[in-house]
Amino acid sequence: MNLTTSAEKKWYAVYTKSHFERKVNTILAKKEITTFLPLRKGKARIGTSFRFTEIPLFRSYLFTYIAPYTEEYFNVLGTTGVSTIVKRGKKPCPVPSFTIESLKKLIKTMNDSYSVITGIKRGEKVIIVKGALNGCIGEMVKIDNKKCEFIVNVDILGRAVKVLIPPGYVSKL
């Protein structure tokens, strides 16, 4: 078995069983494994009714900060509710740190004025240069005179987070 050092830790997307994101997040926290479960306010079905609550931004996914093929890695895989760590081919595929940081900043500052979109087309890479999201890196997918649609793309999941921002807040990367 190939063991790696803690210097090689990266963010990885963990695919969970349906509706197990919070439970897996709690179990991994008890195991002292660094996780990130992005949440947003949304409508959830509870029994026969609906109520507004915090729901995962990416259903069936959360992120862990681990090194591949270490004890932590195998602890994650052995956790109840975890299906797999997202891979390309046979190797775990890391999520860039700037993507995780941009998601954290977006969730913290945008007061739920963001949405998740799927199947986005690749656009121009941009960086936000003003405002609460200053420094976030993503893609620009739509521009008009009043607003821009800024995307933080999580390529490995095939999903993205979209937020509307003023055009003057964006610069080419």
Side-chain angles (χ1 to χ4, degrees), residues 1-42 44 54-110 112 114-128 133 135-141 149-163 173:
M1 183 176 352
N2 179 18
L3 294 178
T4 57
T5 65
S6 62
E8 296 175 4
K9 283 187 173 186
K10 295 182 181 176
W11 286 101
Y12 292 92
V14 176
Y15 183 65
T16 68
K17 293 180 182 177
S18 183
H19 304 291
F20 269 73
E21 306 90 350
R22 284 179 189 258
K23 185 171 186 161
V24 168
N25 193 51
T26 302
I27 293 169
L28 292 177
K30 286 179 183 174
K31 293 181 179 183
E32 297 182 356
I33 295 174
T34 304
T35 62
F36 172 53
L37 176 60
L39 299 171
R40 67 179 175 91
K41 289 188 179 149
E54 284 190 322
I55 59 175
L57 189 60
F58 304 112
R59 292 202 183 264
S60 296
Y61 290 97
L62 63 100
F63 302 95
T64 59
Y65 189 67
I66 56 174
Y69 309 115
T70 60
E71 186 177 343
E72 271 186 329
Y73 178 84
F74 293 111
N75 274 338
V76 171
L77 287 175
T79 301
T80 302
V82 171
S83 295
T84 190
I85 292 176
V86 178
K87 300 174 182 162
R88 283 215 173 118
K90 294 184 179 184
K91 292 184 177 182
C93 186
V95 177
S97 291
F98 71 82
T99 299
I100 298 296
E101 293 308 314
S102 292
L103 280 172
K104 286 180 178 179
K105 199 171 201 179
L106 184 133
I107 288 166
K108 183 179 177 182
T109 59
M110 293 311 294
D112 297 318
Y114 51 86
S115 61
V116 177
I117 59 172
T118 59
I120 74 166
K121 306 240 186 219
R122 292 195 183 267
E124 190 169 34
K125 284 242 183 219
V126 296
I127 186 167
I128 297 181
L133 296 175
C136 287
I137 298 171
E139 296 177 17
M140 186 61 62
V141 294
E149 291 181 358
F150 174 77
I151 301 294
V152 177
N153 191 8
V154 184
D155 283 332
I156 191 76
L157 302 182
R159 294 192 171 91
V161 178
K162 173 179 76 171
V163 65
L173 189 60

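Keep in mind the model is a prediction, meaning the values are calculated, not measured.
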Inter-residue atom distance Ile66.CD1 - Ile33.CD1, 0.5 Å rounding: 7.0 Å
task: Determine the interplanar angle of the Trp11 and Tyr65 rings, folded into 0 to 90°, and report it as parallel if under 30°, tilted if 30 to 60°, perpendicular if over 60°.
output: tilted
query: Does a donor on one side chain sit under 3.5 Å from an acceptor on the other, for Thr80 and Lys17?
result: no
- prompt: Ser102 side chain to Ile137 main-chain N or O, any donor-acceptor pair under 3.5 Å?
  reply: yes
task: Report the distance from atom CZ of Phe20 to atom OG1 of Thr79, rounding to the nearest 0.5 Å.
output: 12.0 Å
- prompt: Going by heavy atoms in the side chains, are Tyr12 and Phe63 under 4.5 Å from each other?
  reply: no
- prompt: In terms of heavy-atom contacts, does OH of Tyr15 have more than 12 from other residues, nucleotides or ligands at under 6.0 Å?
  reply: no
- prompt: Rounded to the nearest 0.5 Å, how far apart are OG of Ser60 and NE2 of His19?
  reply: 7.0 Å
message: Working note: Ile107 + Leu57, criterion side chain to side chain contact (heavy atoms under 4.5 Å, CB included); need CA distance, chi angles, decisive distance, verdict.
response: CA-CA 9 Å; Ile107 288 166; Leu57 189 60; 4.0 Å; yes
query: Is the number of heavy atoms from other residues, nucleotides or ligands within 6.0 Å of NZ (Lys10) greater than 12?
result: no
query: Are Asn25 and Phe36 side-chain neighbours, meaning at least one heavy-atom pair lies under 4.5 Å?
result: no
query: Can you find a pair of side-chain heavy atoms, one from Pro56 and one from Phe58, that are under 4.5 Å apart?
result: no
message: Tell me which one of Leu37, Leu39, Thr35 satisfies side-chain contact (heavy atoms from CB on, under 4.5 Å) with Glu21.
response: Leu37
- prompt: How about Leu77 and Ile85: do any of their side-chain heavy atoms sit closer than 4.5 Å?
  reply: yes
- prompt: Once you round to the nearest 0.5 Å, how far does NZ of Lys9 lie from OG1 of Thr64?
  reply: 10.0 Å
- prompt: Where do Pro92 and Pro94 come nearest, in terms of heavy atoms and distance?
  reply: O-CD, 3.5 Å
field: Non-hydrogen side-chain atoms of Thr70 and Asn75 separated by less than 4.5 Å
entry: no
- request: Any chance you could lay out the side chain to side chain contact (heavy atoms under 4.5 Å, CB included) test for Cys136 and Lys105, step after step, and finish with the verdict?
  value: CA-CA 8 Å; Cys136 287; Lys105 199 171 201 179; 3.5 Å; yes
task: Working to the nearest 0.5 Å, report the span between CZ of Arg22 and CD of Glu54.
output: 6.0 Å
Heavy-atom pair of closest approach, residues Tyr73 and Pro68: CD1-CA, 3.8 Å
field: Gap between atom CG of Leu106 and atom CZ of Arg40 - 0.5 Å precision
entry: 12.0 Å
field: Side-chain touch Ile55/Arg59, heavy atoms, less than 4.5 angstrom
entry: yes
